[in-house]
Every structure is written in structure tokens, then in C-alpha cells.
Amino acid sequence: MLKSFTKEDPPPNRVKPVPVQVIRHIAHNAVVSQHATYLATADMIILAFFFLLRPGEYTANRSDTSPFKLQDVQFFIGETRLNALDSPLDLIAQATFATLTFTTQKNGVCGEVIGHARSGDLYLCPVLALIRRVTHLRQNHAPADTPLATGFLDLSPVAILPSHITETLRAAVQLLGPRLGFLPSDVSARCLRAAGATALLCADVASCHIELLGRWHSDQMLRYLHLQAKSLMKDFSRKMLQGGAFTLLPNQLVPSF
């Protein structure tokens, strides 16, 4: 009987890791729209991809989450550190490296720092995304504890929620998905962490380094030894763009094109 169920049941619809093509499509539409909440949504998608973030870390959902805030960001120009809260915005715009500092996020050690250098892309870049978020928040006089996942419309804050991320991803996949091997229902706000990890894996980054950036429990000791080493992470963003342009083998539910 179980054997017959196996044959008859359709393949399970699990969350798929979205490739860079989907994220690039979203970023392009955001730039064209110049809508504050769409731009914020696109930036948070970019940050979630590069930093391997969980939805509760990169959205402003107020239930059981610890989103990164304006005060958690630092920038660097070479060895010069810039405070995201009060350094001149024209200097911040020149930053070549940016970090997020953990406070109460899951699997993160309080005070631990992870960072990225510029990816080399004019838009899909973790440093540039953080520059855009910090600039937008400061221009709207946001307090230090404002989640990065906040867009301001007419000086009123709008929280970017997991549902906004999911809707945006699924709209992009509706257009691009069949060629890439999956359906809109295959993706949600949860898929960006897997997407970044898959991009690193495809770019031949060592699995132990992926575990460090993603804060997985495996080889946990290595996190304390190496996670904040700038040299370790300086090429990750560039490699993720190179390795992130993948396609998936479609299952039977994905239409032909």
C-alpha cells in the first residue's frame, strides 16, 4: 500500500533556492519604480541572499523576530571604520566593506560581526544595499533602533514583512521560474538563505566557510576562530554572483516552455 502511495503522490513542493537571475529582475524593477517600499524590499532581498539571513533577521515582522537595525551596521573604507549613525553620508557612499553586528539573532553570538566587500556589481552588492538602506533611513531621521527593513513614504515608516518578500519573489518567479526549473509556490521569504548558500556552493566555496557565514551548528568552533576574519569574507560577494546564476532540474509540476 505504501508503495502505491509513493507512486501516486506528486513530488513535494519544498522551498527552492532562487538564483541570482530572480534577484536581479527584482532589483531592476525596483530601480525603475523608484518606490520607497519596493526599493527597501529589493535591498532586503539582496542582503538576505548575501548574508544568508533568516526571515526574522531581515524583515520587520514584530512577532518573535530580531531584525537587524540601523545601529547594527558598520562601514569601512580600507581600514577606516565609519559609523552608520553619524558618519557623513558622502563618506559612507564610498565604503568598500560593510558589516552587520549580531545582538539577539538566532544562532548568532552577541557582538559577533559578519561582513562583505563589494561584489563588483552596480546593484547586486551587499555593501551598496546597506549604503542605500542607511542613507534612506538617515534621510528620513529614523532612530538608531529602526529595522533596516523599513521604507519611508511621506515621512511615515512602512515595515517590510515576510509576506512582502514572498509576494515579490513569487511575482518574479511567475515570469522567470519555468525556465529556471521551479514554480512561484516553490519560493518564499525563507528561500534566500538557501539561495545564498547554494550560490557559494556553486562557486566552490568550502562548505566549512559556508557554515561559518550561515551560522549553522556544524563545526561550531570554527565560527569563533574565523568568522570575523576580513580576509576570509572579502571575495564572497563576488563569488556569490558568479555561482548564483544556476537553474534547477524541474519536477513534473513545472510547465514546459
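Just so it is clear, the structure is predicted and the values come from calculations on it, not from any experiment. The figures here come from the full heavy-atom set of this structure, side chains too, leaving out hydrogens, waters and symmetry mates.
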| note | With His116 as partner, the option from Phe51, Phe49, Phe97 fulfilling ring-ring contact (aromatic ring centres under 6.0 Å, His included) is Phe51
| query | Is there a donor-acceptor contact under 3.5 Å from the side chain of Asp186 to the main chain of Leu183? | reply | yes
| request: State which residue, out of Thr166, Val18, Ile165, fulfils the side-chain contact (heavy atoms from CB on, under 4.5 Å) condition with Ser188. | output: Thr166
| task | Indicate yes or no for a side-chain donor-acceptor contact from His136 to the backbone of Arg133 under 3.5 Å, with no hydrogens or angles considered. | result | no
| Quick one: hydrophobic cluster around Leu153, which other residues, with the 4.5 Å side-chain cut-off, linked directly or via members? | Val158
| said: Check whether Ser237 reaches the backbone of Arg118 with its side chain - one donor and one acceptor, N or O, closer than 3.5 Å. | reply: yes
| N/O donor-acceptor pair under 3.5 Å between Thr150 side chain and Thr146 backbone | no
| Arg238 bridged to Asp121 by N-O distance under 4.0 Å | no
| Check: Arg132 main-chain N/O paired with Thr135 side-chain donor or acceptor under 3.5 Å | no
| task | Could you check if a side-chain atom of Phe76 sits within less than 4.5 angstrom of a side-chain atom of Thr99, using non-hydrogen atoms only? | result | yes
| said: Ring centroids only, cut at 6.0 angstrom: are Phe68 and Phe102 within range, meaning strictly under it? | reply: yes
| query | Sub-3.5 Å donor-acceptor pair from the side chain of Tyr58 to the main-chain atoms of Ala189, do we have one? | reply | yes
| Heavy-atom neighbours of Asp145 CG exceed 12 at 6.0 Å | yes
| field | Close side-chain approach of Gln94 and Phe75, heavy atoms under 4.5 Å | value | no
| said: So Thr37 and Phe152, do their side chains get closer than 4.5 Å, heavy atoms only? | reply: no
| said: Any side-chain to backbone donor/acceptor pair from Asn83 onto Leu85? Under 3.5 Å, distance only. | reply: yes
| Flag, side chain of Arg54 to backbone of Ala48, donor-acceptor distance under 3.5 Å | no
| field | Thr168 side chain near Tyr38 side chain, heavy-atom distance below 4.5 Å | value | yes
| message | Counting C-beta onward and ignoring hydrogens, is there a side-chain heavy-atom pair between Ile23 and Leu192 closer than 4.5 Å? | response | yes
